[in-house]
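To start, the structure itself, in C-alpha cells.
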Amino acid sequence: MSTISKVAERAGVSRTTVSHVINHADRVSKSLRERVEKAIAELGYSPNPQAQSLRTGRTNTVAMLIPDIRNPFYPELVKTAQSEFEAVGLDMLIFNTDVPGGHSQEHGHEYLRQIRHRRVDALIVGDFALHGMHDTLIGIDIPTVFIGDLPNRAVDNVRLDDHGGGYLMGEYLARKGHRRVAYVTGPTSFREAMERAEGFEKGLADNGAPPLADLRFTGSYLPPSGVEAVAWLLERHSDPLPSAIFFANYLMAAGALAAFHDRGIVVPRDIAVAVFEDLPQLEYVRPRLTRVGNSPADLAREATRMLLERLSGAYAGEPRTVVVPSFLHPFDTA
C-alpha cells in the first residue's frame, strides 16, 4: 500500500512537503509540486480523508437537504450543485426529508443531527425540506444557504420571484383574451404557493380579467391533485369550461394532462393550459407547455456561489437574500 512516506522517498522530498502539496499547494514551488504529483500518480497514492480532516479542520464535504427526490425539480438542483462543487474539489451528501411521505420533521431533525456529527463544511437546504422547521437554522454553526423563501432570514437564501412569475402568467393569459381562468394552487401552508397565487390573480385583475374565487382549486403539488382538479372542473364548471387553467407546478399539470386526455378533452382546443415551472424535461412534453419560472440550475448555481463565498472567507457579513427572476415562455398550450 502506498503511503505518504513512500511518496516522499520517490519524489526526494520530505513528508512535510508532500503534505503541503496535498493540502496547501500554494505553499510549494511549481517544480517541487510537479515532482510530488508525479510520484503520487506513479504510486497510486490516495490521501486518507479522515486524516486530512483532522489536519485541516475541513472535510471538503457539503450536505444538501431536499424534500422530495421524486420531484424532477430537485434532481436538477442536486446535479447542478454537485457539478459546481466538484469543480472546486468538494463532495456532496444528499438527504431526502420526504415531505410527501409525511415524515419531513422527523427526518429533518435526524438529518441535521447526522450533518453535525459528520462535521460537514457547509449546508444547502432545498426550500420545503425543513418545512415548519426554519428556526432550526437560527445559530447554525456552518455556512448555510437556503433555497426558497426564508422568513426568519437566519442564513443566506436565494429564492425565485414567485409573485412576479405568477403576475407574468396572469397578465399573459388576460392579454390573450381569457376571462374565465381556473387556477390550481399549491398547499396553502406553503408561502411560495400563496405568492404565486397572489401574483397570478393580480396579473389577471390588472389586465381586465378579475379572478373568480369559485375557479380556484387547492392542490398538493403532486400529480393526483391535477387529476382531482380535472374531475372538479368537469363536475362543477363544465358548462362551459373555463377558457384556460393555470397549474402552480408541473407535477399537477402532468396529472391534469393525463386526465384531460382520458376524458377526451383536447389541449389547447378545448382548454388552454399553463404551468409555473421551467424544467429541462418540459422540452420533451407535447404539446409544449406554456410556462413561467426559472431553471432549478440557476437557483443551484446562485446558492453554490453564495456558499463558496462563505467557505473562502470572501464574504462574512450578515445573511443575504438574492431573488432570481421568473421568465415567461409562451408555447403551444396557451
Side-chain angles (χ1 to χ4, degrees), residues 73 149 159-186 188 190-219 221 225-226 229-230 232-234 236-257 259-261 265-296 298-299 323-334:
F73 180 92
D149 187 51
R159 66 180 182 85
L160 188 59
D161 184 3
D162 292 286
H163 188 279
Y167 187 94
L168 285 174
M169 187 58 78
E171 177 184 57
Y172 170 78
L173 292 176
R175 290 185 176 183
K176 290 276 286 185
H178 296 286
R179 292 297 176 265
R180 289 186 69 242
V181 181
Y183 178 44
V184 182
T185 77
T188 57
F190 288 3
R191 183 166 167 172
E192 291 92 335
M194 293 302 96
E195 288 192 0
R196 292 178 187 186
E198 291 165 8
F200 178 66
E201 291 177 347
K202 182 168 175 50
L204 289 174
D206 287 354
N207 291 277
L212 303 173
D214 64 333
L215 289 179
R216 178 165 162 163
F217 182 90
T218 302
Y221 275 161
S225 282
V230 170
W232 160 80
L233 202 63
L234 295 179
R236 300 190 184 185
H237 305 285
S238 61
D239 189 20
L241 278 174
S243 61
I245 185 168
F246 178 44
F247 293 90
N249 81 338
Y250 167 63
L251 289 180
M252 295 191 298
L257 289 174
F260 280 138
H261 175 82
I265 296 169
V266 179
V267 176
R269 185 195 68 190
D270 301 325
I271 187 169
V273 173
V275 62
F276 196 120
E277 206 136 60
D278 190 13
L279 300 171
Q281 296 91 329
L282 295 185
E283 289 300 312
Y284 305 100
V285 174
R286 295 295 182 272
R288 297 180 77 188
L289 282 165
T290 290
R291 54 192 180 266
V292 70
N294 204 319
S295 165
D298 286 344
L299 289 165
V323 180
V324 174
S326 292
F327 297 100
L328 177 71
H329 302 286
F331 288 114
D332 306 334
T333 58

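Numbering starts at 1 and runs along the sequence shown.
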Which residues satisfy the salt bridge (charged side-chain N to carboxylate O under 4.0 Å, His left out) test with Asp161, sequence neighbours excluded?
none
side-chain hydrogen bond (donor to acceptor under 3.5 Å, both in side chains) involving Ser326 - partner list, sequence neighbours excluded
none
Can you give each donor-acceptor pair under 3.5 Å made by side-chain atoms of residues 199-215, sequence neighbours left out, with the distance rounded to 0.1 Å?
{"from": "Glu201", "atom 1": "OE1", "to": "Arg216", "atom 2": "NH1", "distance (Å)": "3.2"}
{"from": "Glu201", "atom 1": "OE2", "to": "Arg216", "atom 2": "NH1", "distance (Å)": "2.8"}
{"from": "Lys202", "atom 1": "NZ", "to": "Asp206", "atom 2": "OD2", "distance (Å)": "3.2"}
{"from": "Asp206", "atom 1": "OD2", "to": "Tyr167", "atom 2": "OH", "distance (Å)": "3.0"}
{"from": "Asn207", "atom 1": "OD1", "to": "Arg175", "atom 2": "NE", "distance (Å)": "3.1"}
{"from": "Asn207", "atom 1": "ND2", "to": "Gly203", "atom 2": "O", "distance (Å)": "2.8"}

How would you list all residue pairs meeting salt bridge (charged side-chain N to carboxylate O under 4.0 Å, His left out) that involve residues 268-282, not counting sequence neighbours?
Asp278-Arg291
Which heavy-atom pair separates Glu192 from Asp149 by the least distance, and what is that distance?
OE2-N, 3.1 Å
Quick one: salt bridge (charged side-chain N to carboxylate O under 4.0 Å, His left out) partners of Arg288, sequence neighbours excluded?
Glu283
Just wondering, do Phe276 and Asp162 contact through their side chains at under 4.5 Å, heavy atoms?
yes
Those residues at least two apart in sequence (or on a different chain) that pass ring pair (Phe, Tyr, Trp, His ring centres under 6.0 Å) with Tyr172 are none
Does atom NE2 of His261 have more than 12 heavy-atom neighbours from other groups under 6.0 Å away?
no
Heavy-atom pair of closest approach, residues Leu289 and Val273:
CD2-CG1, 3.9 Å
Under 3.5 Å donor-acceptor, Thr290 side chain and Phe331 backbone:
yes
List the atom of Pro287, the atom of Val267, and the distance in Å for their closest heavy-atom pair.
CG-O, 3.8 Å
With Asp298 via side-chain contact (heavy atoms from CB on, under 4.5 Å) - residues at least two apart:
Asn294, Ser295, Arg301
Could you give the side-chain donor-acceptor pairs of residues 238-247 under 3.5 Å, partners two or more places apart or in another chain?
{"from": "Ser238", "atom 1": "OG", "to": "Leu234", "atom 2": "O", "distance (Å)": "2.9"}
{"from": "Ser243", "atom 1": "OG", "to": "His178", "atom 2": "ND1", "distance (Å)": "2.8"}

So how far is it from Leu282 CG to Tyr250 OH, rounded to the nearest 0.5 Å?
6.0 Å
What residues, two or more places apart in sequence or in another chain, satisfy side-chain contact (heavy atoms from CB on, under 4.5 Å) together with Pro325?
Phe327
Taking the side chain as everything from C-beta on, heavy atoms only, tell me whether Tyr221 gets closer than 4.5 Å to Leu251.
no
CE/Met194 to CZ/Arg191 distance, rounded to the nearest 0.5 angstrom?
12.5 Å
Taking side chain as C-beta onward, heavy atoms only, is Asp332 less than 4.5 Å from Pro268?
no
Please tell me if the side chains of Thr333 and Leu257 come closer than 4.5 Å, counting only heavy atoms from C-beta onward.
no
Any side-chain heavy atom of Met169 sitting closer than 4.5 Å to one from Tyr183?
no
Which heavy atom in Ser225 sits nearest to a heavy atom in Met252, and how many Å separate them?
CB-SD, 3.7 Å
